[in-house]
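Have a look at the structure below before the remarks.
By convention here, the first residue in the shown sequence is residue 1. Whatever order the structure lists them in is the order used to number ligands and atoms, beginning at 1.
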Amino acid sequence: MINKNVLVSGGAGYIGSHTILALLDKDYKITVIDDMSTGSEQTKRYLESLGVEFILGNINEIDRVKSIIKEKNIETVLNFAGSIIVGESVENPVKYYENNFSNTLLFLKACLDENIKRFVFSSTASIYGDANNEPVTETSKVAPMNPYAESKLMVEKALADVKIAHPDFNYGILRYFNVAGADHKGRVGQMSKDATHLIKVSTQKALKKRDSLEIFGTDYPTFDGTCIRDYIHISDLAQAHVNLVEYMEKNEKSNLFNCGYGDGFSVKQVISELESIIGESLNAKESPRRAGDPVSIVANNAKIKTELGWKPKHNNLTEIITSALEWEKTL
Ligand code: UDP
């Protein structure tokens with residue numbers, strides 16, 4: 001019988017909370033550890049009402065994590081806790097190396113001490129850096145361009161080494177492309193008020209919650225001069241985690257996967273899509289480049305589709321932006 005007890009770090013956050021909903025649909029029993037530094041109280045209360053247990057704490061508290069794993073009889077861990085803003089990582093690298101690398105390593109140590117079998121880690125497509133406008137595969141060269149990406153890649157490397165030393169331990173890594181949108185039933189969504197991500201910020205501007213919207217860099221070597229990203233709906237990303245956990249339960253092996261749609265959109269395309277949804281101009285201002293931004297990152301997603309059987313259901317920029325906008329209206 002498969003042990004369905006799961007520990008989720010960062011479960012009050014955006015990606016963690018959507019993944020928890022997808023795991024609950026598959027009858028997993030979930031305990032969350034979250035220090036609530038960026039997590040949402042509203043999200044936490046909602047998930048608690050569904051039977052998810054929240055423990056206030058940081059993943060670096062080794063003894064605490066070990067006792068949770070023992071007490072809840074946990075075999076599978078999903079690690080979402082971390083910092084995610086490229087620009088901030090350039091300005092404050094120590095925060096990123098501490099939260100995303102050091103703390104994750106301590107968390108991993110606690111997991112290994114307690115013989116965790118499966119460790120799922122949130123990585124990022126930004127580890128690929130500039131990819132010459134070519135879709136990246138999991139074996140493409142990695143070239144992080146900022147401390148955020150570097151801190152994630154360092155954990156990936158640590159996991160690969162840990163696997164060699166601990167044969168019964170397995171990791172599963174998802175390299176996320178640009179996640180956006182919200183749960184279609186409006187149960188959870190992206191909360192952070194001081195968001196920096198393009199779709200979130202644009203919907204805030206559309207709803208007059210912000211005075212300005214900037215396009216960072218219009219002189220990139222792309223068809224319209226702005227950066228290209230592969231935007232993926234949060235619910236498809238959440239489902240990819242469930243597929244990955246099931247795959248690890250079945251195959252007992254470690255693996256890593258790109259999680260993107262394989263379609264690239266420029267910053268200007270995203271903004272004009274939202275403008276046509278709301279029927280008015282967002283008056284976006286053309287500004288200088290932002291530090292640390294690669295020109296273009298688009299996934300080759302053949303591996304996740306073939307090996308995890310991942311079937312995106314919301315692969316549509318209009319749908320992604322509309323769901324982000326609908327969620328933003330509720331805040
Ligand atoms: N971007 C922008 N204006 C904003 C936020 C983002 O022009 O207010 C651009 C950013 O420079 C990048 C792309 O949108 O080229 C995606 O950035 P985001 O912060 O959403 O995600 P990232 O790819 O950095 O993780």
Side-chain angles (χ1 to χ4, degrees), residues 13-15 38 80 82-93 96 100 122-131 133 135-136 142-153 174-182 189-190 192-207 209-234 237 258-261 263-275 281-299 317 320-321 324-325 328:
Y14 176 47
I15 300 173
T38 54
F80 296 99
S83 303
I84 57 158
I85 301 171
V86 167
E88 184 190 44
S89 80
V90 175
E91 282 156 26
N92 192 355
Y96 279 71
N100 292 357
S122 310
S123 188
T124 170
S126 64
I127 64 170
Y128 294 112
D130 271 328
N133 295 342
V136 286
V142 290
M145 286 176 59
N146 51 66
Y148 164 64
E150 191 71 63
S151 67
K152 289 287 184 180
L153 183 59
L174 291 178
R175 291 178 173 166
Y176 305 163
F177 286 67
N178 285 61
V179 191
Q190 198 168 5
S192 49
K193 284 198 193 70
D194 48 359
T196 63
H197 290 109
L198 179 63
I199 291 183
K200 173 87 178 172
V201 168
S202 303
T203 58
Q204 289 176 331
K205 174 70 168 63
L207 297 171
K209 296 181 181 184
R210 280 181 189 258
D211 297 333
S212 62
L213 172 64
E214 289 179 85
I215 298 173
F216 296 132
T218 51
D219 59 347
Y220 284 99
T222 62
F223 74 96
D224 68 4
T226 66
C227 290
I228 292 177
R229 295 288 182 275
D230 184 341
Y231 294 91
I232 164 179
H233 192 286
I234 181 70
L237 179 64
N258 281 343
C259 196
Y261 290 145
D263 302 320
F265 294 95
S266 73
V267 174
K268 282 188 174 170
Q269 283 179 312
V270 168
I271 292 173
S272 81
E273 183 62 41
L274 177 53
E275 287 175 334
S281 167
L282 291 169
N283 295 315
K285 182 173 148 242
E286 298 196 354
S287 297
R289 292 181 178 197
R290 187 175 74 175
D293 277 342
V295 180
S296 165
I297 322 180
V298 176
L317 186 65
I320 295 173
I321 296 177
L325 183 67
E328 194 62 41

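- Residues that satisfy the side-chain contact (heavy atoms from CB on, under 4.5 Å) test with Thr124, not counting sequence neighbours, are Ser126, Ile127, Tyr148, Lys152.
- Under the 4.0 Å criterion applied to side-chain N and carboxylate O atoms, Lys209 and Glu328 are assigned as salt-bridge partners.
- Between the side chain of Asp224 and the backbone N or O of Thr226 there is at least one donor-acceptor pair closer than 3.5 Å.
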Stepwise salt bridge (charged side-chain N to carboxylate O under 4.0 Å, His left out) check, Lys268 with Glu286 = CA-CA 10 Å; Lys268 282 188 174 170; Glu286 298 196 354; 3.3 Å; yes

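- Not one N or O on the side chain of Asn100 forms a donor-acceptor pair closer than 3.5 Å with the backbone of Gly82.
- Summarising the geometry, atom CG belonging to Leu213 is positioned 11.5 Å from atom CG belonging to Asp211; distances are rounded to the nearest 0.5 Å.
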Tabulating one pair per line, provide the atom names and distances (0.1 Å) for every N/O atom of ligand 1 that is less than 3.5 Å from a protein N/O atom.
{"from": "ligand 1", "atom 1": "3 (N)", "to": "Glu214", "atom 2": "O", "distance (Å)": "2.7"}
{"from": "ligand 1", "atom 1": "7 (O)", "to": "Glu214", "atom 2": "O", "distance (Å)": "3.3"}
{"from": "ligand 1", "atom 1": "7 (O)", "to": "Phe216", "atom 2": "N", "distance (Å)": "2.9"}
{"from": "ligand 1", "atom 1": "11 (O)", "to": "Asp293", "atom 2": "OD2", "distance (Å)": "2.5"}
{"from": "ligand 1", "atom 1": "17 (O)", "to": "Arg290", "atom 2": "NH2", "distance (Å)": "3.4"}
{"from": "ligand 1", "atom 1": "19 (O)", "to": "Arg290", "atom 2": "NH1", "distance (Å)": "3.3"}
{"from": "ligand 1", "atom 1": "19 (O)", "to": "Arg290", "atom 2": "NH2", "distance (Å)": "3.0"}
{"from": "ligand 1", "atom 1": "20 (O)", "to": "Leu198", "atom 2": "N", "distance (Å)": "2.7"}
{"from": "ligand 1", "atom 1": "21 (O)", "to": "Asn178", "atom 2": "ND2", "distance (Å)": "3.1"}
{"from": "ligand 1", "atom 1": "23 (O)", "to": "Asn178", "atom 2": "ND2", "distance (Å)": "2.9"}
{"from": "ligand 1", "atom 1": "23 (O)", "to": "Arg229", "atom 2": "NE", "distance (Å)": "2.8"}
{"from": "ligand 1", "atom 1": "24 (O)", "to": "Arg290", "atom 2": "NH2", "distance (Å)": "2.9"}

